[in-house]
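Values below: every heavy atom of this structure, side chains too, minus hydrogens, waters and symmetry copies.
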Number of protein chains: 2
Amino acid sequence: MLRISKLTDYGVVLASHLATLDGPRSVRELAEDTAVPQPTAAKVLKALAKGGLVTSTRGARGGYALSAAPADISIAQVITALEGPIAVTECTDETTDDGCSHEEHCGVRGNWQRINGAVQTALEAISLADMAHRAGGALITLSLSAADANARLRSH
Amino acid sequence: MLRISKLTDYGVVLASHLATLDGPRSVRELAEDTAVPQPTAAKVLKALAKGGLVTSTRGARGGYALSAAPADISIAQVITALEGPIAVTECTDETTDDGCSHEEHCGVRGNWQRINGAVQTALEAISLADMAHRAGGALITLSLSAADANARLRSH
DNA sequence: AAAAATCGGACCTGGCTGGTCCTCTTTCTG
DNA sequence: CAGAAAGAGGACCAGCCAGGTCCGATTTTT
């Protein structure tokens with residue numbers, strides 16, 4: 001299903017919500033606004049803080065706020081902060097260089113990496129500002145190759 | 001990590017391997033060629049057969065073969081056959097119309113669907129024939145919009 | 001000093017993934 | 001016609017991890 005985890009989904013929702021605010025907000029407030037269970041929201045926000053996407057202010061009147069402008073934070077960053085590097089298959093995970101035993105059999109590998117890169121590029125191109133605005137217009141289009149992209153352009 | 005399951009990975013490897021062959025092959029042979037554990041390969045191939053991607057011949061000298069030309073079977077079909085409909089988040093799974101409780105809070109939803117659609121389109125555009133050829137050249141590129149695609153074309 | 005927050009963990013638990021096995025049916029071959 | 005070869009269709013299990021909760025320590029405000 002090519003699914004991302006629910007935690008990550010929460011992360012995107014929370015981060016997008018933060019993008020509509022200015023000052024820091026407490027976990028309780030954010031959880032209420034987004035209807036995410038409070039302890040879970042806390043966990044997610046902690047992870048985002050560790051990833052440097054949000055800054056935390058401790059103590060009374062503290063809370064979380066985005067560490068950068070909404071337009072400068074990508075969905076890919078949120079996903080990476082919560083799930084580690086984006087890798088569609090284990091093969092494409094560069095960190096484990098254990099030399100996949102199928103390597104000689106699967107000429108498939110290079111292609112997976114390309115697919116993976118494509119997905120990653122797509123997610124990097126989408127900012128929290130984009131997500132915060134509903135009705136963003138035509139957000140993403142895909143093309144198989146430059147030539148194909150060209151053909152599409154002409155057809156419009 | 002936006003990861004697909006290992007079973008699905010096997011499915012792609014097996015299907016891509018079948019794309020390089022002509023007649024039906026037994027599970028044992030396919031498993032040996034691809035270094036996928038035999039019982040697991042059987043399971044995967046059964047699922048592919050149920051999805052109509054491969055045809056099975058029973059009895060002695062039977063086996064599996066692709067049900068269509070490699071160029072006419074997409075990676076998306078393989079994934080769908082093994083994992084059900086592609087849905088990045090639960091929200092984007094159209095089958096469950098239980099009205100996600102966050103709905104009013106998350107203007108995010110429409111955007112997820114667009115991302116989801118983009119990924120799906122990308123996977124639909126990649127055929128087994130593409131996967132079977134290693135070194136396929138620039139297989140996929142992404143663009144945010146037609147305008148952006150245009151800009152990219154010019155920059156090359 | 002007390003209250004309000006986050007931090008950094010530990011902890012549990014249910015479901016799902018990956019993997020195996022067994023029996024039934026079908027088909028070919030000798 | 002008998003037996004072997006092969007898939008169909010399940011049941012089944014073990015391990016892992018996502019999802020979720022909770023607690024004590026620390027920091028800051030009031």
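- Between Lys50(B) atom NZ and dA8(D) atom P the separation is 10 Å, expressed in whole Å.
- Contact annotation: the side chain of Pro24(B) approaches that of Thr57(B) to within less than 4.5 Å [non-hydrogen atoms, C-beta and beyond].
- Between the C1' atom of dT6(C) and the CG atom of Leu45(A) lies a distance of 10 Å, rounded to the nearest Å.
- In this structure a side-chain-to-backbone donor-acceptor pair under 3.5 Å is present from Gln77(B) to Ser74(B).
- Atom NZ of Lys6(B) is separated from atom P of dT17(C) by 13 Å (rounded to the nearest Å).
- Between Thr57(A) and dA5(C), a side-chain N or O to OP1/OP2 separation shorter than 4.0 Å is absent.
- Listed pair Thr40(B) / dT20(C) meets the phosphate criterion, a side-chain N or O lying under 4.0 Å from OP1 or OP2.
- Side-chain contact between Leu30(B) and Leu18(B) is present, with at least one heavy-atom pair separated by less than 4.5 Å.
- Here Ser26(A) does not reach the OP1 or OP2 of dT6(C): none of its side-chain N or O atoms lies under 4.0 Å away.
- The shortest heavy-atom contact between Ala15(A) and Val78(A) is CB-CG2, 4.4 Å.
- Picking from dG7(D), dG19(D), dA5(D) the nucleotide with the shortest atom distance to the side chain of Ser5(A) gives dG19(D).
- Scanning atom types as modelled, no donor and acceptor separated by under 3.5 angstrom connect the side chain of Arg58(B) and the base of dT27(C).
- Whole-Å rounding puts the Lys46(A) NZ to dG8(C) P distance at 9 Å.
- Between Leu14(A) and Thr34(A), the closest heavy-atom pair is CD2-OG1, 3.4 Å.
- For Leu30(B) and dG7(D), the CG to C1' distance is 12 Å, given to the nearest whole Å.
- Map Lys43(A) and Gly63(A) each onto its nearest nucleotide of DNA chain C; the residue landing nearer the 5' end is Gly63(A).
- The interatomic distance linking Leu7(A) (CG) with dT21(D) (P) rounds to 11 Å, in whole Å.
- Between Arg28(B) atom CZ and dA4(D) atom P there is a gap of 16 Å when expressed in whole angstrom units.
- Between dG18(C) and Tyr10(B), no contact under 4.0 Å exists linking OP1 or OP2 to a side-chain N or O.
- Rounded to whole Å, the distance from CG on Leu18(B) to P on dG7(D) is 11 Å.
- The nearest heavy atom of DNA chain D to Gln38(A) and to Arg61(A) marks one nucleotide each, and the one closer to the 5' end goes with Gln38(A).
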